[in-house]
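Okay, structure first, notes after.
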Amino acid sequence: MKKRNVTICVSWPYANNNLHLGYIASSLSGDILARYHRMVGDDVVMVSGTDSHGTKPAIKAKKEGVTPKDIVDRYHKNFVEALDLFSFSFDKFSITYDDYHKEKCMEIFKKLYDNGYLYEKILNRPYCPKCAKFVADTEIEITCPNCGNRTKADNCDCGHVPTEADLEGATCLVCGETTEQREDKVLVFKLTAFKDVLTKLVKDNENIWRANAINETNKYLNDLRDRDFSRDLDWGVKIPVAGYENKVVWVWWEALLGYVTDTMKLGEERGFDYRKFWKKDVEPETEKKVYMCHAKDNIVFHSMFLPAMLAGLEDNFVVNNTMVSAEYLMMNNAKISKSSGTCFEALEWAKNYNTDSLRYHFAANGPEKKDANFTLELYQTTHNSEVVNKFGNLINRTLKFKGLEKLPEGKVADEIKNMVDVTYKIVAENIEKTEFKKAAETAMDLVAFANKYYDEQKPWVQAKEDIEGFNNTIYSCAYVIANLSNIFEPFMPKACAKIRGFLGLEKTPTWRVVDVKAGISLDKVEPLFARI
RNA sequence: CGCGGGGUAGAGCAGCUCGGAAGCUCGUCGGGCUCAUAACCCGAAGGUCACAGGUUCAAAUCCUGUCCCCGCAACCA
């Protein structure tokens, strides 16, 4: 297959709380894709980072009497540690308050402004007399005229986007004072100019994106509006336009560009041209894929805002992308959080349980097409009966066969060879279709097939009566195990690395059939997983 | 009429796009095996596919209507 340039964009966790399992479940798709694409030989960058700006870290900092940066650094540390334990293979996991990101964003926004996609609007905005400043729409609360609920003013959950008039008499969340409308100017992004581009984007991907991404995007496209670009805050990316020195860019606009600025920085560090991932005219003969991996609340930002911005640069940016939008992982089983003594913090789970089997569980039982419930019991079932009993035990019963010290020379059975070939093919197809549940299950089917083969061959009988048959059985199963270390690499990377160590295989896995060397010593083999 | 997801064996789910003998994992019951972390393999029981209409030779799958459940209004992907 021809090499492709693949960019994996994993949504930016917000520096407002510790990382939780929902983020792991919805972002795992990114790491599965990254590992798979590297294995087939594609050029891959997987990027993300800590989203540091906006009102929440600023408000939290004020409460605690520290700087916003202190807050962001605290959560960034938590994110990095948890993601590392879950084996997320980011090429770059940066932080948006970084000067490089801010400078590049300002260059990009200048270009959007010069291209005429940012325009000034004079309007009445809520001004808090007590705080003596204009307040951002996430710093105030209004009663939504559409649904009647109290909501922050940027975007009501009922889908209503508040108008200028709706903000009359809003409440300041910082001090509780009623705000008054004063004349102010905002910069607006001309999102409506990209209606055709965005409509085509959805249409081109109607068999590729999941239903949630298509429905959600179409809903917004039916009533597309320009969106405010500036915010009255001092924590964020400055706006490179005269007269806006005291305002910053709305956090979403610049965080999304982090995918691009991360790739730029990475290119400088590693000596490649970032444009080969993001520009149509660089390496034009190479297919480019951009995956957007996130949960459903992130959909329109990735299906509309970012593509519109990139198109607005009028500089050959790749606008088409593959949306991988997860549903929600529900973690509301109070019994579990009590009995386990933890909440659903990713770091705690990583320390207390097995991150490989958690990854496999999320791939096979995660919120791929609908909300999925997560409980310790469900995870335990996956861990014990599938990962330990089927997967772990196949390895143990083969490589720790009583009295066996070295892997015998043998011939791989045809049925095993075929099944391995077919499994590579089907798992690959499903990963490329972003159907990870099917991919994970197909991979596990190979394990079941090998266990069945083992039982039918009865190596414990062959060992006494038919030593050649015994050698073939063990060798065939070892062959399966070697190839499982490739096929399961996207799902359970730590265990797969151990298997490669047991069998003396290449350290770097590839998406190709591997053979095992007969005669290798098996004394290093030990159980991969413990029951819980 | 706020938005969205769902109702398939005791539990958790797949199948629905493109109608054609109801599947998977766990649990239960019975059997086999003893290499292996009491793991593995085989077999059985258990479902009017929420309900009611319609289209069709044929509907879990398409259409219409009804009922019920869940998520989003404090965080949060």
Side-chain angles (χ1 to χ4, degrees), chain A residues 10-14 16-30 51 56 60 141 143-144 146-152 156-160 206-207 211-212 215-216 219 293-299 301 325-332 343-346 361 364-375 377-382 384-404 435 437-438 441 444-445 447-448 450-464 470 473-474 477 525-532:
Chain A
V10 182
S11 68
W12 295 62
Y14 198 27
N16 188 44
N17 252 316
N18 285 337
L19 207 67
H20 55 83
L21 284 179
Y23 180 86
I24 301 293
S26 61
S27 305
L28 179 63
S29 56
D51 182 6
K56 283 173 186 168
K60 202 162 215 163
E141 206 176 53
T143 301
C144 176
N146 187 45
C147 67
N149 288 324
R150 292 295 284 175
T151 177
K152 287 187 184 165
C156 181
D157 289 292
C158 74
H160 179 73
E206 61 190 0
N207 294 318
N212 56 3
N215 293 341
E216 189 75 2
K219 190 174 89 184
C293 304
H294 48 251
K296 59 183 170 185
D297 57 337
N298 265 242
I299 288 171
F301 301 104
S325 311
E327 294 288 320
Y328 274 145
L329 186 71
M330 308 318 300
M331 303 167 286
N332 51 4
C343 299
F344 291 93
E345 290 196 6
H361 179 77
N365 306 288
E368 190 166 297
K369 287 180 180 164
K370 62 182 184 191
D371 293 351
N373 204 24
F374 179 81
T375 66
E377 280 84 356
L378 288 169
Y379 163 60
Q380 258 174 338
T381 300
T382 304
N384 286 337
S385 67
E386 295 197 61
V387 176
V388 181
N389 293 354
K390 289 193 166 64
F391 186 94
N393 187 48
L394 173 68
I395 291 154
N396 246 37
R397 71 197 301 213
T398 302
L399 304 182
K400 287 304 239 183
F401 192 97
K402 193 162 60 178
L404 194 69
E435 305 238 359
K437 189 187 281 268
K438 265 189 207 157
E441 281 169 2
M444 199 54 90
D445 285 346
V447 177
N451 272 322
K452 188 172 176 178
Y453 170 81
Y454 191 108
D455 266 58
E456 285 167 358
Q457 296 304 309
K458 301 185 179 27
W460 56 91
V461 175
Q462 290 177 315
K464 293 168 193 154
F470 171 82
T473 301
I474 294 298
C477 288
V525 179
E526 53 178 39
L528 288 175
F529 306 99
R531 294 173 64 83
I532 54 176

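Below, read A as the first sequence line, B as the second, and so on, with proteins coming before strands; counting in each chain starts at 1. Keep in mind it's a predicted model, so treat the numbers as computed, not measured.
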Looking only at atom [atom1], what distance separates [N] and [M], rounded to whole Å?
{"N": "rG12(B)", "M": "rG32(B)", "atom1": "P", "value": "33 Å"}
{"N": "rG15(B)", "M": "rA50(B)", "atom1": "P", "value": "15 Å"}
{"N": "rC18(B)", "M": "rA77(B)", "atom1": "P", "value": "36 Å"}
{"N": "rU8(B)", "M": "rA22(B)", "atom1": "C1'", "value": "9 Å"}
{"N": "rU25(B)", "M": "rA44(B)", "atom1": "P", "value": "14 Å"}
{"N": "rC16(B)", "M": "rG4(B)", "atom1": "P", "value": "22 Å"}
{"N": "rG27(B)", "M": "rA11(B)", "atom1": "C1'", "value": "8 Å"}
{"N": "rA60(B)", "M": "rC42(B)", "atom1": "C1'", "value": "30 Å"}

4.5 Å side-chain heavy-atom contact, [X] and [Y]:
{"X": "T473(A)", "Y": "K458(A)", "answer": "no"}
{"X": "N384(A)", "Y": "I532(A)", "answer": "yes"}
{"X": "N365(A)", "Y": "F374(A)", "answer": "no"}
{"X": "E386(A)", "Y": "H361(A)", "answer": "no"}
{"X": "W460(A)", "Y": "K402(A)", "answer": "no"}

If I take atom [atom1] in residue [X] and atom [atom2] in nucleotide [N], what distance separates them, rounded to the nearest angstrom?
{"X": "K402(A)", "N": "rC40(B)", "atom1": "NZ", "atom2": "P", "value": "19 Å"}
{"X": "M330(A)", "N": "rA77(B)", "atom1": "CE", "atom2": "P", "value": "14 Å"}
{"X": "K56(A)", "N": "rA77(B)", "atom1": "NZ", "atom2": "C1'", "value": "12 Å"}
{"X": "K400(A)", "N": "rC35(B)", "atom1": "NZ", "atom2": "C1'", "value": "13 Å"}
{"X": "Q380(A)", "N": "rU37(B)", "atom1": "CD", "atom2": "C1'", "value": "16 Å"}
{"X": "N212(A)", "N": "rG71(B)", "atom1": "CG", "atom2": "P", "value": "18 Å"}
{"X": "E216(A)", "N": "rG5(B)", "atom1": "CD", "atom2": "C1'", "value": "12 Å"}
{"X": "F401(A)", "N": "rU34(B)", "atom1": "CZ", "atom2": "P", "value": "11 Å"}

Which of the following nucleotides, [options], is nearest to the side chain of [X]?
{"X": "K219(A)", "options": "rA14(B), rC3(B), rU25(B)", "value": "rC3(B)"}
{"X": "N451(A)", "options": "rA77(B), rC40(B), rG12(B)", "value": "rC40(B)"}
{"X": "S385(A)", "options": "rA77(B), rU37(B), rU25(B)", "value": "rU25(B)"}
{"X": "S11(A)", "options": "rA39(B), rA77(B), rC75(B)", "value": "rA77(B)"}

Applying the Watson-Crick and G-U wobble criteria at under 3.5 Å, what pairs with [N]? Answer none if nothing qualifies.
{"N": "rG10(B)", "value": "rC26(B)"}
{"N": "rU34(B)", "value": "none"}
{"N": "rG71(B)", "value": "rC3(B)"}
{"N": "rG19(B)", "value": "none"}
{"N": "rC51(B)", "value": "rG65(B)"}

Report which part of the nucleic acid [X] touches: base, sugar-phosphate, or nothing (heavy-atom distance under 4.0 Å, all strands).
{"X": "N365(A)", "result": "nothing"}
{"X": "K458(A)", "result": "nothing"}
{"X": "N396(A)", "result": "base"}
{"X": "N393(A)", "result": "base"}
{"X": "K438(A)", "result": "nothing"}
{"X": "L329(A)", "result": "base"}
{"X": "Y454(A)", "result": "base"}
{"X": "P459(A)", "result": "nothing"}
{"X": "L21(A)", "result": "nothing"}

Under 4.0 Å between a side-chain N/O of [X] and OP1 or OP2 of [N], yes or no?
{"X": "N215(A)", "N": "rG5(B)", "answer": "yes"}
{"X": "R397(A)", "N": "rA39(B)", "answer": "no"}
{"X": "K390(A)", "N": "rA39(B)", "answer": "no"}
{"X": "K370(A)", "N": "rG15(B)", "answer": "no"}

**Report entry** Option from R397(A), K390(A), E456(A) for which side chain to side chain donor-acceptor pair (under 3.5 Å) with N451(A) holds
**Finding:**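 Only match with N451(A) under side chain to side chain donor-acceptor pair (under 3.5 Å): R397(A).
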Query raised in the report: Toward the 5' end of RNA chain B, which comes first, K369(A) or K296(A), by nearest nucleotide?
Result: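 The 5'-side residue here is K369(A).
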Query raised in the report: Nearest nucleotide by nearest heavy atom, which residue falls closer to the 5' end of RNA chain B, E526(A) or E327(A)?
Result: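 By nearest-heavy-atom nucleotide position, the 5'-most residue is E526(A).
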Requested in this report: Would you please test K296(A) and D371(A) for salt bridge (charged side-chain N to carboxylate O under 4.0 Å, His left out) and show each step?
Outcome: CA-CA 10 Å; K296(A) 59 183 170 185; D371(A) 293 351; 3.1 Å; yes
Query raised in the report: W460(A) stacking on rC35(B): centroids under 5.5 Å, ring planes under 30°?
Result: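 According to the criterion (under 5.5 Å, under 30°), yes, W460(A) stacks.
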Query raised in the report: Is it true that a side-chain atom of Y23(A) and a backbone atom of S11(A) form a donor plus acceptor pair closer than 3.5 Å?
Result: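 Indeed, once roles are kept as given, a pair shorter than 3.5 Å links the two residues.
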Query - H294(A) versus S325(A), side-chain donor and acceptor atoms under 3.5 Å - result: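 Result is yes, a qualifying pair exists.
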